Amino acid sequence: MIAALLSASFSVEANYQRNTAQQVEKVLYGNVESIKHITEKQLVEDRNNGWRTFGGALIGGLIGNQFGSGRGKDAATVLGALIGGRAANEYHKQPYYIEHKLIELMIKQEDGTQVMVIQDLDPGMPLAAGDEVRVVYLPGFVRVDIAM
């Protein structure tokens with residue numbers, strides 16, 4: 001029987017901290033049968049877009065204020081602010097992504113079941129096919145570590 005357990009963390013931080021005590025439901029030991037490195041892209045929304053637009057308008061207004069005199073100076077200031085705000089808004093309109101590195105592990109547990117776990121890649125804990133691991137079942141998610 002193949003049980004598919006997915007424990008994926010798509011945030012920058014893992015679901016738990018190693019130095020934090022948590023209730024463990026069960027721990028099973030097993031061997032890694034296969035590993036697949038995958039990535040997850042997450043769209044990051046820019047919450048500072050309004051401030052950047054304001055900054056662009058302010059700089060554009062300051063530059064526009066350097067030209068002309070009288071009503072021409074006022075018009076140049078307003079036009080500079082509009083152009084600066086528009087340019088800053090357009091420049092920061094393009095979305096950007098953060099790429100999370102994940103690892104997909106197929107594990108044959110000591111009770112004979114197979115599980116697939118997807119978790120954040122931990123560079124401090126390299127895993128390879130054939131490694132003995134422990135599968136830690138915590139409330140709401142699963143974590144795989146090297147067996148100790």
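Since this is a predicted model, take the numbers as computed values, not measurements.
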* To do: Quick one: closest heavy-atom pair of Gly64 and Ala76, and the distance?
  => O-CB, 3.1 Å
* Compare every heavy atom of Glu104 with every heavy atom of Ile38, then report the nearest pair and how far apart it is. => CD1-CB, 4.4 Å
* Contact summary for Asn31 and Glu132, nearest pair of heavy atoms -> OD1-CA, 3.4 Å
* Answer yes if Val78 and Leu62 sit in the same cluster of Ile, Leu, Val, Met, Phe, Trp and Tyr residues linked by side chain heavy atoms under 4.5 Å apart, and no otherwise. => no
* When rounded to the nearest 0.5 angstrom, what distance separates CG in Leu82 from OG1 in Thr77? -> 11.0 Å
* To the nearest 0.5 Å, what is the distance between NZ (Lys36) and CG (Leu105)? -> 12.5 Å
* Nearest 0.5 Å, what's the CD-CG distance between Gln23 and Leu138? -> 9.5 Å
* So how far is it from Ile107 CD1 to Ile35 CD1, rounded to the nearest 0.5 Å? -> 8.5 Å
* Can Val133 be reached from Tyr137 by stepping across I, L, V, M, F, W or Y side chains whose heavy atoms are under 4.5 Å apart? -> yes
* Distance-minimising heavy-atom pair for Val144 and Met125 -> O-CE, 3.4 Å
* To do: State, to 0.1 Å, how close Pro139 and Glu25 come at their nearest heavy-atom pair, and which atoms those are.
  => CA-OE2, 3.4 Å
* Do Lys101 and His37 touch side chain to side chain, with heavy atoms closer than 4.5 Å? -> no
* Asked: Val142 versus Val115: any side-chain heavy-atom pair under 4.5 Å?
  -> no
* How long is the span from the CG atom in Asp145 to the CG atom in Leu127, to the nearest 0.5 Å? -> 8.0 Å
* Mark yes or no for whether Asp111, through its side chain, and Thr113, through its backbone, hold a donor-acceptor pair below 3.5 Å. => yes
* Asked: Side-chain heavy atoms under 4.5 angstrom apart, residues restricted to Ile, Leu, Val, Met, Phe, Trp, Tyr: same cluster for Val117 and Ile103?
  -> yes
* Nearest-0.5 Å distance, CG of residue Leu102 to CG of residue Asp120 -> 6.0 Å
* Asked: Quick one: do Ile146 and Leu28 end up in the same hydrophobic cluster if we chain Ile, Leu, Val, Met, Phe, Trp and Tyr together by side-chain heavy atoms under 4.5 Å apart?
  -> yes
